[in-house]
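As structure tokens, the structure follows; a few thoughts come after it.
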2 protein chains.
Amino acid sequence: MRMSRQEAAKNRERVVNTASKMFREFGYDGIGIAGLMKASGLTNGAFYKQFESKEALIAEATAQAFADNATAWRKAVENAGGDALKAAEQWYLSEPHLNHRGLGCTLATLASEAPRHDEPVRRAFDEGIRTILELIADTGPRGDTSCDKNSEIRELCRLVGALSLARAVSDSGLAERILEANRGVKEFDKRQRKP
Amino acid sequence: MRMSRQEAAKNRERVVNTASKMFREFGYDGIGIAGLMKASGLTNGAFYKQFESKEALIAEATAQAFADNATAWRKAVENAGGDALKAAEQWYLSEPHLNHRGLGCTLATLASEAPRHDEPVRRAFDEGIRTILELIADTGPRGDTSCDKNSEIRELCRLVGALSLARAVSDSGLAERILEANRGVKEFDKRQRKP
DNA sequence: CTTGTAAAATTATAGTCATAATCCAAAAGT
DNA sequence: ACTTTTGGATTATGACTATAATTTTACAAG
């Protein structure tokens, strides 16, 4: 039953990848160590040789999930000819993304659980958010004129909210309305009050 | 230990109210029947005389949470002189709301857990969302010209996303940037593609 | 005033949870 | 070739889970 160092590292990686998907699908509390290890083809006994605790795995798996998301974003932007808004419409607000939470945006699935977890987990969210913001700022249709990323921040908030709400409702017509209302929008904003 | 019918009803109501707050604070999986009953001044034995199951309580408590939210929205809009945008800025995106999840918006805390629950729970989300949309449509600065509620939908998505992300991050400076970027924004939107 | 009903407490059950000790065998180090 | 190290399996732990049966007791209806 002993594996080579290389195979052990592969196993570890597989656990993190499985966790990054299952946490997104079932929530941090919705899947336990035993289920996670079984889904990775191992038994729970092997867990604590590789990870300090479940909380430590949560931190790692969350970072991995954000890395996957960054790749998905880049690919979607590429498919949209470099237009991040179009990528949002074609990928982020699509029905596949609506229905496959385990492979989708970590923010829409796990952000609201993050406040209950410790710093390493929440720092993964800091970095994940910053990465996505830079990604959509770099690929925006207008280049980088704004300097502060306020409009990118708003854009991301809107998308995360839209996907979360569309997934939450029971009425699929309402879900579609929520997605559709957020498609094809180019936001021109104005600050009111406070210069 | 036997209570009058009236007191029993009060107890039941108290359990629903406690649950509506604790679920928002700890998540549906983060608090159990025993903890919920203890926090309501009862023991777990009393639970199944009043509720069919935990899932049934989740549905009721979620509806109650949305009812509380509607009241909070109305009060915030009133305080903002009837301007829903201003109410969003002064209440929804405020630091008290950021730090008190148990009394805050149900969408920002529980929407991403809803897809894992059964229809009665998700129907509570349908109704909660519809109520809020009508509330901010009725009180908008421009009246009701748009007819479809697309811009209200986008507004709500943006707010929910902003609060979720601001709560998730570890860096409080980033949290403040997320909130601030979403304050004082009057959105003028344009549909691109598709008439 | 008695009696049946029902609310709440006590207690039980069977499952799952995170964590960990023990053991085995094969890889790594010498 | 021999010893040490270590990844994984097995098994155990004690706490916590949702659910439920039983018991107690006070109120409500007769």
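Here is the naming used below: chain letters follow the sequence lines, and residue numbers restart at 1 for every chain. Just so it is clear, the structure is predicted and the values come from calculations on it, not from any experiment.
The side chain of S53(A) has dT19(C) as its nearest neighbour among dT19(C), dA9(C), dA8(C). When distances are taken from the side chain of Y48(A) to each of dA20(C), dT19(D), dG8(D), the shortest belongs to dA20(C). When the nucleotides dG8(D), dA8(C), dT19(C) are ranked by their closest atom to the side chain of N11(A), dG8(D) comes out on top. If you check dA9(D), dT10(D), dA18(C) against the side chain of L42(A), the one that comes closest is dA9(D). Distance from the side chain of K54(A) is smallest to dA18(C) among dA18(D), dA18(C), dA7(C).
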**OP:** In sequence, state the C-alpha distance, the side-chain angles, and the governing distance for R24(A) and N69(A), and then conclude on side chain to side chain contact (heavy atoms under 4.5 Å, CB included).
**Re:** CA-CA 12 Å; R24(A) 277 180 277 178; N69(A) 291 159; 3.5 Å; yes

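In this structure, CZ of F47(A) is placed 22 Å from P of dT13(D), rounded to the nearest angstrom. As rounded to whole Å, 11 Å separates atom C1' of dA12(C) from atom CG of N44(B). The nearest whole Å value for the distance from the CZ atom in F26(B) to the P atom in dT17(D) is 12 Å. Protein atom CD1 of I33(B) is 20 Å distant from nucleotide atom P of dA14(C), rounded to whole Å.
Residue G45(B) is classed as a base contact, given a heavy-atom separation below 4.0 Å to a base. At the heavy-atom level, K49(A) lies under 4.0 Å from base atoms of the strands shown.
When all heavy atoms of Q50(A) and A8(A) are compared, the pair lying nearest together is NE2-O, 3.5 Å. Residues A108(A) and S112(B) share a closest heavy-atom pair of O-CB, 3.2 Å.
In this model, the phosphate group of dG8(D) is approached by a side-chain N or O of Q50(A) to a distance below 4.0 Å at OP1 or OP2.
For the atom pair OG1 (T62(A)) and CZ (R122(A)), the distance works out to 12.5 Å, reported to the nearest 0.5 Å.
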